[in-house]
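One structure is given below, encoded as C-alpha cells.
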2 protein chains.
Amino acid sequence: MNAVYLKFHEEYFQTYVDHFNYTNNQKFNLRYLINDEYWDNKEGPLFLYTGNEGDIELFSDNTRFIWDLTYKFKALLIYAEHRYYGKSLPFGPNNSFIKENMIYLTSEHALNDFALLIHYYKEDVMKNENLKVICFGGSYGGMLAAWIRMKFPNLVTGSIAASAPLLYFYQMSPCDTFVKIVSQNFKNESDYCFNNIKKSWEIINNYFKFNDTKKLAIIKNIFEICNISQLNFYDKEIFKSWIQDAFISMTMANYPYPANFLGSMPAWPVKEACKFLNKSYNGYDLISNNTDILLLKALYQAISIYSNYTGSTKCNLINSDTSNDSFNLFKKIFLGKPNLKIGQLFKLNEFQASPALGYNNWLYQSCEEMVMPFCSSKSNINHNLMDSSSMFEPSIWNFTAYSLNCQSAFGIIPRPYWLSLYYAGSKDKNQNISIIASSNIIFSNGLLDPWSGGGIYENDTHKDIISIVIPEGAHHLDLREPNPLDPVSVINARLIEQQYIQKWLATSKNYNS
Amino acid sequence: MNAVYLKFHEEYFQTYVDHFNYTNNQKFNLRYLINDEYWDNKEGPLFLYTGNEGDIELFSDNTRFIWDLTYKFKALLIYAEHRYYGKSLPFGPNNSFIKENMIYLTSEHALNDFALLIHYYKEDVMKNENLKVICFGGSYGGMLAAWIRMKFPNLVTGSIAASAPLLYFYQMSPCDTFVKIVSQNFKNESDYCFNNIKKSWEIINNYFKFNDTKKLAIIKNIFEICNISQLNFYDKEIFKSWIQDAFISMTMANYPYPANFLGSMPAWPVKEACKFLNKSYNGYDLISNNTDILLLKALYQAISIYSNYTGSTKCNLINSDTSNDSFNLFKKIFLGKPNLKIGQLFKLNEFQASPALGYNNWLYQSCEEMVMPFCSSKSNINHNLMDSSSMFEPSIWNFTAYSLNCQSAFGIIPRPYWLSLYYAGSKDKNQNISIIASSNIIFSNGLLDPWSGGGIYENDTHKDIISIVIPEGAHHLDLREPNPLDPVSVINARLIEQQYIQKWLATSKNYNS
C-alpha cells in the first residue's frame with residue numbers, strides 16, 4: 001500500500017473554560033483537525049489524538065502512522081488541540097497568558113475537554129452510544145491518552161500511549177535518568193564525542209569569565225550570536241542551556257531518516273553531530289591540550305545539526321533577560337522571529353525544545369502537578385569528571401528550590417504527589433514496579449529516547465496492559481509515518497499496536513474496563 | 001456474636017478548598033470519625049465510608065453493619081464527612097454558605113478529598129502501599145462509594161454502594177419513578193390508604209382558597225401550626241410539600257423495626273400511617289362524602305407517625321417565605337429550632353427530609369451536575385384521578401424551568417449530561433441497560449425504597465459488578481445494624497456483601513481494576 005495522505009478540516013468545539021465550577025458558564029473554542037475520508041459511518045471507530053503542549057498541526061504531521069490506521073480501520077480521525085496551545089486559547093491570543101487566566105491550564109481540564117468532545121460525537125453527531133473510541137498520543141499526549149482511558153473507561157475503549165513518561169515524576173524516577181540516556185546516545189557514537197562534549201562546559205565557563213570581553217567576543221563570533229551587541233557574564237547559563245537543548249533535541253529526534261519534528265534534522269542527528277566531535281576536527285587533533293577554540297568551533301558545527309540543518313538560520317538569538325519573573329518572560333517568548341532560533345528562558349534542569357511547542361505553558365504545567373525532577377550526575381556532584389554516565393555539568397535538583405521558583409514565577413506551590421493519586425498509573429516504591437489500575441493500554445518506549453527512563457515496562461496480558469520496547473527508537477518513532485529506513489523493532493511495534501486495536505474493536509464492549 | 005459497638009475519635013484532615021486550581025493553596029479541615037479498636041495494623045484493610053449530604057454522625061449511627069464488618073475483617077474504620085456538611089465547612093459556619101464560597105461544593109471535589117485522605121493514610125500514616133481499601137456508602141454516599149472506585153481504582157479495591165440511585169438522573173430514568181414507588185408502598189397497605197391520601201390534596205386546596213380565613217384557621221388548628229399567626233393562600237404549596245415530605249420519609253425509612261434516621265419512626269411507618277387512613281377513622285366512615293375535616297384530622301395523625309412519633313413536637317413550623325431567592329432562604333434554614341419540625345423550602349419536585357441533612361446544600365448540588373427529574377403522573381397530567389400509580393397531585397418536570405430556578409437561586413446553569421460522562425456509570429438509552437465501566441462494586445437496592453427506581457440491576461460476575469435486590473428493604477437497610485426483625489433478603493444481602501469483601505481482600509491486588 002502507498003502511504004496514506006490525509007487532508008484535515010479545521011473545526012472548533014465549544015467547551016467550558018472551567019469544568020469544575022458550575023457557576024462559571026464561560027466557554028471557548030477548542031480547535032481540532034478532522035478527517036472522515038475513509039470513515040465507515042456505521043461501524044467505523046473514532047480515533048482521537050489527545051493533543052499535547054503545542055500547536056496540534058505539529059503533532060498531526062508527526063504521527064502519520066495513525067493516518068494509515070485510520071485508512072485500515074475505516075475510522076473517523078480527530079486531532080484535538082490541548083487548551084492554551086496553538087489556536088485553542090480560552091481568552092484569545094492577548095489575554096490567555098495573563099496570570100489569573102492561566103489557572104484553567106491543567107491536565108484535568110484538558111482531559112475533560114477531550115471527554116466532552118468524544119461525548120459530543122457519540123451522542124450528538126453520531127447518536128451512537130456504542131461508538132468505539134481509540135485514543136492516541138505521544139509524549140505528554142501519550143500520558144493524556146493513557147490517563148483518559150484510566151479516568152474515562154466509559155468513553156474510551158483503548159489507548160496507544162507512545163513514549164509517555166508516566167513515571168518521570170517526583171519520587172518515581174531518579175532525577176539523572178534523562179541526562180544519562182541523552183549521554184548514552186552520544187557515547188554510543190564514540191567515547192571521543194561524549195568526552196569532547198563533557199570537556200566543553202569548562203571551556204565555555206572559562207570564556208564567560210567576568211569582564212573578559214575578548215573571550216566573550218570569540219564566543220559571539222564562533223556561535224554566530226546576532227541579537228546581542230556584546231555577550232556578557234550573565235548570558236552564560238542561557239548560552240549553555242541552548243547547547244544542552246541542542247543535544248537533547250538531537251537525542252529525542254534521533255531517527256533513522258531526516259525529519260522535521262523538533263526542528264529540521266538529518267537522519268541519525270546524534271551520529272552527524274558526533275562526526276564533528278571525534279578524535280580530530282578538520283584534520284586537527286581535538287584530544288591534545290590547547291584546543292579550546294577548535295573544540296568550540298567543533299561544538300558549534302555539532303549543534304548546528306540541530307539549530308541550522310536547513311542552512312536558513314542566519315544567526316542565533318540568545319535571550320538575555322535575566323529577570324526572575326519568568327511569567328513576564330514567557331509572554332515575550334511568543335514573539336519569536338521565524339528564521340532565528342530562540343534560546344528561550346532555559347533554567348537549569350528544565351529542558352524543552354522547538355519554538356512550535358508552547359514552552360512556557362509547559363513550565364506552568366510543570367509547576368502544578370507535573371513535577372519532573374532533572375539532575376545530572378546526582379551522586380557525583382563533586383567528581384563530575386569521573387562520572388562516565390553524564391556528559392553534562394553536574395547539577396542537583398531539590399523540590400524546595402523548585403517549589404520556590406514556581407511560587408515566584410506563577411504563584412503556584414506544586415503538588416507533586418497528586419499525579420500518582422489522581423491518575424491510576426503510579427509506581428510501587430517498595431517493589432519498584434509500575435502500577436496501572438486500568439486495561440487496554442499499550443505503552444511503547446524507544447530506548448534511545450531520554451523520556452524512556454520514565455516509561456512503563458510492565459505487562460498484564462490479562463488486562464491488555466502491554467509494554468513495547470523499541471531498542472532503536474527515539475521519541476515516539478512508532479507513531480511516525482512508516483519509512484523504509486525504519487528498524488525492525490518499530491515495524492513490529494506498529495504491528496502489535498494494530499493487532500491490539502483490532503482486538504479491542506472486535507471484542508470489547510465500548511465500556512469494557 | 002453480640003452486636004459490635006464502636007466508639008469513634010473525631011479527627012480532622014487538611015484538604016484543599018480547590019483541588020483543580022493550583023494557584024489556590026487554601027486548605028480547610030475535613031472531619032472524619034475513626035476507630036482502630038479491632039484493627040490489625042499489619043494486614044487489616046481500611047474501610048472508608050464516603051460521607052453524604054449531612055452530618056457524618058447521622059450516617060455512622062445508621063450504618064452499623066459496617067461496624068460488624070470492621071470487627072470481622074480487623075479493619076481500620078473511617079467515616080469521612082462530605083465537604084460543606086456537618087462540621088466540614090471550608091469557610092467556617094458563617095462564611096461557607098456565601099454564594100462565592102459555595103462553588104467548591106461539588107461531587108468531584110468531595111471525591112478528591114476522600115482520595116487524598118486515603119492517600120494520606122496509605123503513604124504517610126501507615127506507609128503501606130499495598131493497603132487495601134473498601135469504600136461504603138448509602139444513597140448519595142453510595143454513589144460516591146461507587147464513583148470513587150470508578151475514578152480511583154488505584155486507591156480503592158472495591159465498594160459497597162447501597163441504595164445508590166446512580167441512574168436517577170436526567171434522561172436516565174422516567175421522572176415519575178420515585179413517586180410511583182412511594183405510592184406503591186401505601187397501596188401495599190390498602191387501596192383505602194392510597195385513595196384517601198390522593199383525595200386529600202383537593203381538600204387541602206379547597207381549604208387554602210384565597211381569603212377564606214375560617215378554613216385556613218381550621219388547617220392551622222388541625223395541623224398544629226405554631227409559627228404563623230395566620231395561614232394564608234401563599235402557604236399552600238409549602239404546606240403540601242410538608243405533607244408529601246412526610247410520606248416520602250416514611251417510605252424511605254419503611255424499616256421492620258423502630259429507627260431514627262430521617263426522624264424517629266416506629267417499625268413499618270407506612271403501615272402505621274395507613275392505620276389512620278383506612279376505611280374508617282375513629283369509628284367514622286372516611287369513604288363517604290362530607291368527611292373533609294375528618295380526613296384532614298386522619299391525615300395529620302398519619303403524618304405525625306413521621307413528624308411526631310416521639311411526642312416531643314409541640315407544634316409545627318411552616319416556613320412561609322415565598323421569596324424566589326432560595327439562596328437567602330437556605331441561610332435561614334439552619335436556624336431550625338430543636339423541637340419543631342421545619343417545613344423547609346419545599347418546591348414541587350424537590351424532595352428531601354430531616355433537619356440533620358444539609359437540605360439546601362443538596363439543592364445546590366442538584367443544580368450543578370446532579371439533576372434529578374421528579375414528576376407525578378407524567379402521562380396523566382389531566383386525568384390525575386384516573387392514575388392508579390400515583391397518590392400525589394399531578395406535576396410535570398421540565399429541564400428549562402428547572403434550569404431557570406437554578407440560575408435565579410444559585411447562578412448555576414445545570415450540566416445534566418455531565419455525570420454520565422464524567423463517572424463511569426451510565427445508561428445505554430437504546431438497550432435500556434446500565435453501563436458500568438468498572439469492577440468490584442456491589443449495588444444493593446431495597447425495592448420499598450423510592451430511590452431504587454434509579455438503582456443499578458445489571459450483573460457482570462466476571463468483573464464483580466454485583467447487583468443485590470432486597471424486596472422487603474427500604475433505604476439502605478442492608479447497611480443498618482442487623483436486627484432480629486430483618487427480613488431474610490437483607491440477611492442474605494449482608495452475607496453476599498461480606499463474601500465479596502473477603503474475596504477482594506484475599507485475591508485482589510489493591511490496584512486491581
Side-chain angles (χ1 to χ4, degrees), chain A residues 16 18-25 99-100 102-106 108-109 112 115-116 118-119 123 128-130 150-156 364-365 367-369 406 410-415 417-418 420-426 428-431 435-439 463 509-513, chain B residues 16 18-25 99-100 102-106 108-109 112 115-116 118-119 123 128-130 150-156 364-365 367-369 406 410-415 417-418 420-426 428-431 435-439 463 509-513:
Chain A
Y16 286 103
D18 191 343
H19 287 283
F20 300 106
N21 172 1
Y22 292 87
T23 64
N24 183 350
N25 296 301
K99 224 163 188 168
E100 57 268 29
M102 290 283 288
I103 61 173
Y104 310 105
L105 169 54
T106 71
E108 293 92 332
H109 278 300
N112 284 5
L116 208 54
I118 293 171
H119 182 264
E123 301 278 324
N128 174 7
E129 292 190 61
N130 294 311
M150 292 170 182
K151 294 301 259 190
F152 294 94
N154 49 329
L155 296 176
V156 177
Y364 188 91
Q365 291 195 254
C367 280
E368 295 177 318
E369 78 280 46
C406 288
F410 306 116
I412 300 175
I413 301 173
R415 304 182 189 177
Y417 54 83
W418 186 249
S420 64
L421 192 165
Y422 189 70
Y423 297 118
S426 179
D428 185 315
K429 283 176 224 101
N430 301 322
Q431 298 182 57
I435 298 171
I436 309 298
S438 189
S439 57
K463 297 196 293 172
K509 297 171 183 176
N510 68 339
Y511 48 86
N512 182 52
S513 155
Chain B
Y16 287 103
D18 191 344
H19 287 282
F20 299 106
N21 171 3
Y22 291 88
T23 65
N24 183 349
N25 296 300
K99 225 163 186 168
E100 58 267 30
M102 290 283 288
I103 60 173
Y104 311 105
L105 169 55
T106 71
E108 292 93 332
H109 279 300
N112 283 6
L116 209 55
I118 293 171
H119 181 264
E123 301 279 324
N128 175 7
E129 292 190 62
N130 296 310
M150 292 169 181
K151 293 300 257 190
F152 294 93
N154 49 328
L155 295 176
V156 176
Y364 188 91
Q365 292 195 254
C367 281
E368 294 176 320
E369 78 280 46
C406 289
F410 306 117
I412 300 174
I413 300 173
R415 304 182 189 177
Y417 54 82
W418 186 249
S420 64
L421 191 166
Y422 189 71
Y423 298 116
S426 179
D428 184 317
K429 284 176 223 101
N430 301 324
Q431 299 183 54
I435 298 172
I436 310 298
S438 188
S439 57
K463 299 196 293 171
K509 298 172 182 175
N510 68 337
Y511 48 88
N512 181 55
S513 155

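Below, chains carry the letters A, B, ... as their sequence lines are ordered, and counting in each starts from 1.
Using a 4.5 Å heavy-atom threshold, the side chains of Trp418(B) and His19(A) count as touching. Looking only at side-chain heavy atoms (C-beta outward), Phe152(B) and Leu421(A) come within less than 4.5 Å of each other. In this structure the side chain of Tyr422(A) reaches within 4.5 angstrom of the side chain of Asn112(B), judged on heavy atoms. Here the side chains of Ile103(A) and Tyr364(A) are in contact, with some heavy-atom distance below 4.5 Å.
Considering only heavy-atom pairs separated by less than 4.5 Å from chain A, the leading option among His119(B), Arg415(B), Lys151(B) is Arg415(B). Between chain A and the options Asn24(B), Ile118(B), Asn25(B), heavy-atom pairs under 4.5 Å are most frequent for Asn25(B).
Across all their heavy atoms, Ile412(A) and Cys367(A) have their closest contact at CG2-O, 3.0 Å.
Between Phe20(B) and Phe20(A), the angle of the ring planes stays under 30°, which puts this pair in the parallel group of the 30/60° scheme.
Within the 4.5 angstrom heavy-atom criterion, only backbone atoms of Tyr423(B) (N, CA, C, O) approach chain A. Leu105(A) does not touch chain B: none of its heavy atoms, backbone or side chain, sits under 4.5 Å away. Contacts of Glu368(A) with chain B are made by both backbone and side-chain atoms, with heavy-atom separations under 4.5 Å. The contact between Thr106(A) and chain B is made entirely by side chain atoms (from C-beta outward), counting heavy-atom distances below 4.5 Å. Both the backbone and the side chain of Leu116(B) come within contact range of chain A, judged by heavy atoms closer than 4.5 Å.
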